Every structure is written in structure tokens, then in C-alpha cells.
Novice: 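The structure's right below; bear with me while I get my questions together.
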Amino acid sequence: MAGKDRAGAGGAVQRQGDEVAFDVVFAGLGGQAVQQRWVDAAVTVAFEELEPVSAFPVVPGRRWGPGLWWSATTGRHVACGSNAMRVQLMVLDRDPDIVALAGRPVRLRWHNEQGRQRSWTPQLFARRADGTALLADCPSHTEAGGERALTAAVMMERASEQAGWTYQRLEPLEPVLAANLRWLAGYRHPRNQIRPSLTAAVLEAFTRPRPLIEGVQAVGDPIEVLPAAFHALWNGHLRVPLDKPLHEHVLVQPGTLPPAGDPTADGPRREAGRRLREAP
């Protein structure tokens, strides 16, 4: 009957009015499974701090399996289940609005109209600077996962709306864009800042648009300077058109300015994430 609550396994309620009632499972202290109502957990649980609720599957015959992605945003590793997911982690790791990332930290459960329990574990969790979050899956192509994945996507959208969050099936990137991000990601670690004076000189060299190699040579030995330039391109202090192949004559332009008084700092999002985690 429409509008009537129905109890499911473990006391979960299927519907309240026309709203689906979700619960969640995640790994608590010691790896023990914890179950809560979704609307409560979304407010109280720091999912970005959690280990995966279950391991990413290993699919025989695939060239790329589960692994870890070192996040420049958090300075920690994120569990990663596929090449498609790694590409999306690269995108989110450069997004200035993202302050924390986690792989598969939560499984959502609900009951369908026939009363059968269903569940889905989004591949990615990303915390935004305003405290809201993105749940996401990373299909290798638009039809990946078939009907079950598409049905789950609808339910994830509904669950996210209840929490004031968003859900997305992140579309694969164009090959050139993906290749450029992979290259720049190789220079995402702060060690590629090398030293503050060099980073400041690189930013100064590109205060006006000029070819990459021209600005680099104006600073010094390209072998030493290029890592600092690529790091600045990764964190957005410099920018180039990433939809075209990178090369030594690509036009480099100024990007976003680093924090006042510190031209080498690229960790404000990490600090924002720490503040969110420590907030009462």
C-alpha cells in the first residue's frame, strides 16, 4: 500500500511515504562491520577516514587490477579498483573543491518494491570543502555494469539527495586528456617543488603566456626546472590546454595563485580536509 512503512531485514524500513529508506554498512574500528541508518551516518561518519568496506574484486584476464593511488590532496593512499577509477582519481585529486578521497568506504542497502533487499557499493567517495560529498562510480564505458548498475545509479542518486550530496557515473575521459593527466600526475608529489626559490622563479617566468621550453630555459637547466614546471601545471599554478598533446612548445599561461606569502604551497585542501575531520 502506498505510503505504508514496511520493515525489512534487521529492522530496516523500506519506505516512509514515497521516500526509500536506506541503511549503510561500513568498516568500523578493528574492521568490524557497522550498520546505521543512512540519514544518520551521512551526518556523523567521516567516510573519508575509512578503509574499504569490501575489497575491490580481481577480474581474471584484465590487464589492470586493484591497487593504491597516492593522493596529492590528502597525502595518503586511496584504494583503487580499476584503470578507469584511477583516471577519475586523477581528475578529483586536481579539483580544488575536493579535500578528501576514499575508495569503497560504504555500502548502501535498501528494499525494492517486492520487499527484496538490494545493495550497492559506490567506488568513490569525495568530500568537498563545504562538507558535502560526492558518491561516484567509474565505468570503463557508458554501459558498463549493465542494467543492475544503471538501476543502482538511480538509487544512489536518491540516497545522495537525502543527504544533500550528489552521485555521478563518471564518464571516461578522452584519450588525450587522460594521457596528459597521467603525465602531470607523475609530478604531483611535493618533492617536485624541489626548492622554494626555483618554484617562485618558474611562476615568475610564466607571468605572461609563453612556450613551455622557453620559460623553462629562462629559469635554468631544463632537467632541473621541468619537474617544478610540471608540478605547477598539476596543481593549477600554471595551465595549458589539456585537450591537446603536451609538448615542449605548448603555450603555458598563469593559473591560480598560490596562498599569499607562500608561492610553493599546494596543500590548502589538505588543511581544509583536516579541519573538517577535526570539527565536532
Side-chain angles (χ1 to χ4, degrees), residues 48 69-76 78 86-101 124 126-130 132-134 136 166 168 170-171 173-216 218-219 222 224-276:
E48 59 268 43
W69 168 265
W70 185 84
S71 169
T73 298
T74 64
R76 297 186 299 183
V78 179
R86 182 180 66 168
V87 170
Q88 299 299 344
L89 278 169
M90 289 192 297
V91 175
L92 292 171
D93 214 7
R94 294 188 76 232
D95 187 336
D97 191 43
I98 300 300
V99 299
L101 294 161
L124 263 174
R127 180 75 69 181
R128 297 189 178 96
D130 65 1
T132 63
L134 167 71
T166 55
Q168 289 182 311
L170 300 172
E171 298 292 335
L173 302 188
E174 292 296 324
V176 171
L177 175 56
N180 287 339
L181 285 178
R182 280 194 293 269
W183 178 264
L184 294 180
Y187 296 89
R188 68 190 183 278
H189 197 281
R191 63 173 172 263
N192 290 292
Q193 292 174 344
I194 303 178
R195 61 179 185 274
S197 60
L198 178 59
T199 299
V202 168
L203 298 181
E204 177 66 24
F206 292 102
T207 52
R208 62 175 178 83
R210 64 197 303 189
L212 174 62
I213 193 62
E214 178 184 306
V216 166
V219 175
E224 180 183 28
V225 178
L226 276 171
F230 288 137
H231 182 75
L233 286 167
W234 164 264
N235 61 35
H237 295 169
L238 298 175
R239 60 187 177 93
V240 293
L242 291 177
D243 59 345
K244 298 178 181 178
L246 288 175
H247 53 83
E248 63 180 3
H249 297 293
V250 68
L251 191 66
V252 179
Q253 302 184 61
T256 57
L257 293 176
D262 186 1
T264 70
D266 67 345
R269 292 181 293 156
R270 193 178 309 172
E271 176 63 19
R274 183 191 64 78
R275 291 197 299 269
L276 278 172

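Just so you know, these numbers come straight off a predicted model, no measurement behind them.
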Novice: Do the rings of F230 and Y187 sit parallel, tilted or perpendicular, given the 30° and 60° boundaries?
Specialist: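 Aromatic pair F230/Y187 classed tilted.
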Novice: Give the C-alpha distance, both sets of side-chain angles, the deciding distance and a yes or no for side-chain contact (heavy atoms from CB on, under 4.5 Å) between V225 and V202.
Specialist: CA-CA 8 Å; V225 178; V202 168; 3.7 Å; yes
Novice: Could you tell me which non-hydrogen atom of V87 sits nearest to which non-hydrogen atom of A178, and how far apart they are?
Specialist: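 Looking at all heavy atoms of both residues, the shortest contact is CG1-CB, 4.5 Å.
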Novice: Got more than 12 heavy atoms from elsewhere within 6.0 Å of CD, E174?
Specialist: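 At most 12 heavy atoms, drawn from other residues, nucleotides or ligands, come within 6.0 Å of this atom.
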Novice: Kindly compute the distance separating CG (L246) from CG (L212), expressed to the nearest 0.5 Å.
Specialist: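 Atom-to-atom, L246:CG and L212:CG are 8.0 Å apart.
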Novice: Nearest 0.5 Å please: distance from the CD atom of Q88 over to the CG atom of L101.
Specialist: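 It is 11.5 Å, given to the nearest 0.5 Å.
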Novice: Contact between H237 and T256 at the side-chain level, heavy atoms closer than 4.5 Å - yes or no?
Specialist: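 Heavy-atom side-chain distance check passes, below 4.5 Å.
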Novice: To the nearest 0.5 Å, how far apart are CZ in F206 and CG in L233?
Specialist: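 F206 atom CZ to L233 atom CG measures 7.5 Å (nearest 0.5 Å).
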Novice: For a quick test of reading the model, state the closest non-hydrogen atom pair linking P222 to P227 and the distance between them.
Specialist: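 Closest pair (atom of P222, atom of P227, distance): O-CD, 4.2 Å.
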Novice: Is there a side-chain hydrogen bond (donor to acceptor under 3.5 Å, both in side chains) between D93 and W69? Walk through the geometry before answering.
Specialist: CA-CA 10 Å; D93 214 7; W69 168 265; 3.0 Å; yes
Novice: If you take all heavy atoms of A232 and L203, which pair is closest and at what distance?
Specialist: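 Smallest interatomic distance, heavy atoms only, reads CB-CD2, 4.2 Å.
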Novice: Taking the side chain as every heavy atom from C-beta outward, state whether P245 and V250 have any atom pair closer than 4.5 Å.
Specialist: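 Heavy-atom side-chain distance check fails, nothing below 4.5 Å.
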Novice: Is the backbone of A133 close enough, under 3.5 Å, to the side chain of R128 for a donor and an acceptor to pair up by distance?
Specialist: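 Checking the backbone N and O of A133 against the side chain of R128, a donor-acceptor pair under 3.5 Å is found.
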Novice: Give me the atom names and distance for the closest heavy-atom approach of P211 to L251.
Specialist: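 Heavy atoms only, the tightest pair is N-CD1, 4.0 Å.
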Novice: Quick one: CG on N180 to NZ on K244, what's the gap to the nearest 0.5 Å?
Specialist: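 Reported to 0.5 Å precision, the distance equals 11.5 Å.
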Novice: Identify the heavy atoms of N192 and G186 that sit nearest to each other, and give their distance.
Specialist: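 Looking at all heavy atoms of both residues, the closest pair is ND2-O, 4.2 Å.
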Novice: Roughly how far, to the nearest 0.5 Å, is CG of D95 from OG1 of T73?
Specialist: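 If we round to the nearest 0.5 Å, T73:OG1 and D95:CG are 8.5 Å apart.
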Novice: Keeping R239 on the side-chain end and P254 on the backbone end, is there a donor-acceptor pair under 3.5 Å?
Specialist: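 Yes, the answer is positive, given that a donor and an acceptor are paired below the 3.5 Å cut-off.
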Novice: Measure across A229 and L238 and return the closest heavy-atom pair with its distance rounded to 0.1 Å.
Specialist: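 Distance-wise, the nearest heavy atoms are O-CD1, 4.3 Å.
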Novice: Please determine whether side-chain contact (heavy atoms from CB on, under 4.5 Å) holds for the pair V240 and V252, giving the CA-CA distance in whole Å, both sets of side-chain angles, and the decisive distance to 0.1 Å.
Specialist: CA-CA 5 Å; V240 293; V252 179; 3.6 Å; yes
Novice: State whether the side chain of R188 and the backbone N or O of R94 hold a donor-acceptor pair below 3.5 Å, judged by distance alone.
Specialist: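 Here the side-chain-to-backbone pair does not exist.
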Novice: Atom CZ in R76, atom OG1 in T74: separation rounded to 0.5 Å?
Specialist: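 Reported value, rounded in 0.5 Å steps: 5.5 Å.
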Novice: Could you please spell out the steps behind the side-chain contact (heavy atoms from CB on, under 4.5 Å) verdict for L242 and L181?
Specialist: CA-CA 8 Å; L242 291 177; L181 285 178; 4.1 Å; yes
